Amino acid sequence: MNNLYLTNSLTRKKEIFKPINKENVGIYVCGPTVYSEVHLGNCRTFVFFDTMVRYLKFLGYKVRYVRNITDVGHLENDADEGEDKISKKARLEQLEPMEIAQKYTNDFHKVMNTFNAIPPDIEPAATGHIIEQINMVQQIINNGYAYVVNGSVYFDVSKYIDQGYDYGELSGRQVDELISGTRNLDGQSDKKSPNDFALWKKADSSHIMKWDSPWGKGFPGWHLECSAMSSKYLGSSFDIHGGGMDLKFPHHECEIAQCVGSGCEKPVNYWMHGNMLTLNGKRMSKSTGNTILPEELFNGSSSFLEKAFSPSVVRFFMMQSHYRGVLDFSNDALLASEKGFKKLMEAFSKLKKTSFNQGKEDENIINKINSICTSCYKNMNDDFNTPKLIANLFELVAIINTLDQKNSFNTIGAETHLFMLKTMSGFIEDVLGLEAQNKNHAQLTEELINMILNLRAEAKKNKDYLLSDKIRDQLTSLGVKIKDGKDGTTFVVN
RNA sequence: GGUCUCGUGGCCGAGUGGCUAGGCAGUGGUCUGCAAAACCAUCUACAUCGGUUCGAAUCCGAUCGAGACCUCCA
């Protein structure tokens with residue numbers, strides 16, 4: 001197994017990756033809250049983690065990839081009041097809350113599938129794990145890290161700190177600063193301290209999504225589901241926990257506290273965070289409306305774009321930047337990526353089609369190819385450096401095109417030829433998850449036949465019956481039956 | 001206000017104490033009936049000001065600018 005390094009948000013350092021169980025890797029990624037369509041910014045995170053999972057598998061690890069669906073509506077603000085998002089949407093769309101959750105879960109799956117993302121091995125929903133969440137809350141209460149007020153349960157951050165734990169270790173925050181930076185909001189009267197967060201919230205009569213609990217009817221706190229479900233499916237200590245940068249605080253910080261509070265000293269070994277996708281220099285966000293939906297991208301209907309772009313091009317565009325950096329989205333950047341993507345795929349297809357003949361081998365070029373191919377691994381092992389990997393692939397593109405032009409593929413030898421082919425298909429298809437675009441084949445075929453028929457009509461018009469008959473005969477032998485009629489020619493494909 | 005990140009050539013976007021990132025666009029060639037593609041060559045860089053160093057775009061400090069988090073969000 002290669003030496004894989006990744007940036008651990010917990011230590012803020014690049015660390016060598018050592019799974020708890022030698023060959024098995026457990027990964028949990030925070031999934032979407034399904035109250036509206038996923039936008040492109042959401043997709044960036046999931047596409048990156050998809051690439052990461054693909055690479056781990058490519059290296060030979062057995063991966064268990066868990067990504068949740070948040071289908072419990074959480075409150076719209078920190079005041080712990082107001083309508084939850086799913087209920088609100090349900091009211092607006094006049095649907096059951098679970099219809100909303102299902103509708104947007106379906107949408108999410110469709111989009112991820114379009115992006116050629118491999119589905120997670122387990123995709124637990126928060127509403128399906130209420131019992132686990134209640135048990136976890138009970139555990140935390142039993143350990144003395146939570147208190148019950150008016151049917152709600154809150155995590156006691158001060159107690160946690162008193163016991164020597166570091167609330168803020170992940171996000172690098174100081175609790176004193178947190179307090180001073182917190183605005184005074186109404187509705188926090190139940191909490192002992194503004195830093196405390198809800199594990200379980202009491203539901204009032206108007207609340208639709210609620211469950212029985214030892215503390216009365218209510219619903220779980222936002223951070224709880226991930227703690228409960230990750231430990232259920234990956235064990236109380238697992239390898240990698242991922243999510244968007246915006247979840248680092250408070251969500252992931254709270255997750256750590258909950259797990260520790262329930263009795264696990266070190267829930268996660270490596271925390272990984274993908275950075276934001278910006279649009280016009282501003283973060284894409286559902287709540288501000290600064291978004292592009294994947295669908296708008298694929299059909300070109302967004303006002304930010306002059307044309308449609310294919311999912312693979314968008315994926316390629318995302319992979320051309322490093323996951324930890326902010327990526328700004330623009331029409332021009334996408335156009336450039338599209339051209340580059342086509343160039344890459346054309347060269348790759350050229351290589352695949354090459355029939356190999358033995359010939360005099362050229363050591364220089366062979367060494368160069370081997371070195372570039374090795375570099376692909378090296379760069380991916382360096383914190384999943386996909387932009388550098390892509391640079392490597394383009395170096396191979398240049399070599400392929402040169403060999404093709406000089407018709408000298410035989411100079412690289414059978415072994416190197418195969419190695420290059422395997423490296424390229426491995427990284428392009430298996431790791432980056434890119435697919436050549438060959439859509440609308442049926443439509444293209446029809447257009448091609450019509451084009452040929454038009455040429456035949458021209459030949460007939462010029463009384464070049466030799467050519468027109470030749471076209472008809474050859475089409476017939478291909479299974480295309482021509483019918484000349486008064487109003488032109490039609491055809492049937494057998 | 002607090003915490004943090006970043007500032008690379010026409011655009012996107014890597015990286016690094018001294019050695020070509022890469023893609024797109026531009027320019028000059030090769031090729032070509034024309035075009036496209038491809039190939040060869042080539043031009044634009046490392047926010048500003050100081051400091052450390054034999055040497056810094058890369059380390060340190062200051063300044064200016066941008067963004068993220070601190071409140072639901074991938």
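First the proteins, then the strands, lettered A, B, ... as listed; each starts at 1. In this text, all values refer to a predicted model and were calculated from it rather than measured experimentally.
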So which nucleotide does [N] pair with, by the Watson-Crick or G-U wobble rule with both distances under 3.5 Å?
{"N": "B/U16", "answer": "none"}
{"N": "B/C34", "answer": "none"}
{"N": "B/A68", "answer": "B/U3"}
{"N": "B/C46", "answer": "none"}
{"N": "B/G55", "answer": "none"}
{"N": "B/A41", "answer": "B/U27"}
{"N": "B/A21", "answer": "none"}
{"N": "B/G9", "answer": "none"}

Taking the same atom, [atom1], in [N] and in [M], what whole-Å distance lies between them?
{"N": "B/C64", "M": "B/G23", "atom1": "C1'", "value": "31 Å"}
{"N": "B/C39", "M": "B/U32", "atom1": "C1'", "value": "13 Å"}
{"N": "B/U5", "M": "B/A41", "atom1": "P", "value": "41 Å"}
{"N": "B/A37", "M": "B/U27", "atom1": "P", "value": "13 Å"}
{"N": "B/G28", "M": "B/C43", "atom1": "C1'", "value": "11 Å"}
{"N": "B/C60", "M": "B/U20", "atom1": "C1'", "value": "29 Å"}
{"N": "B/A68", "M": "B/G9", "atom1": "C1'", "value": "27 Å"}
{"N": "B/C49", "M": "B/U58", "atom1": "P", "value": "12 Å"}

message: Does A/K210, at its NZ atom, have more than 12 non-hydrogen atoms belonging to other residues, nucleotides or ligands within less than 6.0 Å?
response: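 Buried by this count: over 12 neighbours within 6.0 Å.
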
message: Are more than 12 heavy atoms, taken from residues, nucleotides or ligands other than A/K89, located less than 6.0 Å from that residue's NZ atom?
response: yes

- prompt: Between A/N68 and A/Y28, is any side-chain donor less than 3.5 angstrom from a side-chain acceptor?
  reply: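 The criterion, which ignores hydrogens and geometry beyond distance, is satisfied for A/Y28 and A/N68.
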
Pair A/K350, A/N401: side-chain N/O donor-acceptor within cut-off below 3.5 Å: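 The criterion, which ignores hydrogens and geometry beyond distance, is satisfied for A/N401 and A/K350.
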
What is the nucleic acid contact for [X], judged by heavy atoms within less than 4.0 Å: base, sugar-phosphate only, or nothing?
{"X": "A/G243", "result": "sugar-phosphate"}
{"X": "A/H39", "result": "base"}
{"X": "A/M276", "result": "base"}

message: I want to confirm an ordering. Mapping A/H251 and A/T278 to their closest nucleotides on RNA chain B, which one lands closer to the 5' end?
response: A/T278

message: Heavy-atom nearest nucleotide on RNA chain B for A/L277 versus A/Q405: which residue maps closer to 5'?
response: A/Q405

query: Is the distance from OP1 or OP2 of B/G67 to the nearest side-chain N or O of A/K282 less than 4.0 Å?
result: yes

query: For B/A25, does OP1 or OP2 lie under 4.0 Å from any side-chain N or O of A/K339?
result: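 So the side chain of A/K339 is within the cut-off, an N or O lying under 4.0 Å from OP1 or OP2 of B/A25.
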
Could you tell me the separation between the [atom1] atom of [X] and the [atom2] atom of [N], rounded to a whole number of Å?
{"X": "A/F197", "N": "B/U71", "atom1": "CZ", "atom2": "P", "value": "14 Å"}
{"X": "A/L389", "N": "B/G23", "atom1": "CG", "atom2": "P", "value": "14 Å"}
{"X": "A/N401", "N": "B/A36", "atom1": "CG", "atom2": "C1'", "value": "14 Å"}
{"X": "A/W271", "N": "B/A74", "atom1": "CH2", "atom2": "P", "value": "15 Å"}
{"X": "A/N290", "N": "B/G67", "atom1": "CG", "atom2": "P", "value": "12 Å"}
{"X": "A/F394", "N": "B/C39", "atom1": "CZ", "atom2": "P", "value": "11 Å"}
{"X": "A/K378", "N": "B/G22", "atom1": "NZ", "atom2": "C1'", "value": "14 Å"}
{"X": "A/K248", "N": "B/A68", "atom1": "NZ", "atom2": "P", "value": "15 Å"}

message: For A/T11, run the side-chain hydrogen bond (donor to acceptor under 3.5 Å, both in side chains) check against A/K13, A/E15, A/K14 and tell me which one passes.
response: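 Running side-chain hydrogen bond (donor to acceptor under 3.5 Å, both in side chains) over A/K13, A/E15, A/K14 with A/T11 returns exactly one hit, A/E15.
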
Separation of [Y] [atom2] from [X] [atom1] (nearest 0.5 Å):
{"X": "A/L467", "Y": "A/N462", "atom1": "CG", "atom2": "CG", "answer": "9.5 Å"}
{"X": "A/L327", "Y": "A/H322", "atom1": "CG", "atom2": "NE2", "answer": "12.0 Å"}
{"X": "A/E253", "Y": "A/L170", "atom1": "CD", "atom2": "CG", "answer": "5.0 Å"}
{"X": "A/N106", "Y": "A/K110", "atom1": "CG", "atom2": "NZ", "answer": "10.0 Å"}

message: Tell me every residue that passes side-chain hydrogen bond (donor to acceptor under 3.5 Å, both in side chains) with A/R315, counting only those two or more places apart in sequence or in another chain.
response: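 Listed in chain order: A/D50, A/T51.
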
- line: In B/S/- notation (B base, S sugar-phosphate only, - none; protein heavy atoms under 4.0 Å), nucleotides 10-17 of chain B written 5' to 3' is --SSSS--

field: Contact check, side chains of A/L351 and A/L396, non-hydrogen atoms, under 4.5 Å
entry: no

query: When you measure from the centre of the six-membered ring of A/F46, is the NZ or CZ of A/R67 under 6.0 Å away and within 45° of the axis?
result: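 Output yes; distance and angle both within limits.
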
message: Under 4.0 Å, heavy atom to any atom of RNA chain B: which of residues 340-348 of chain A qualify?
response: A/G340, A/K343

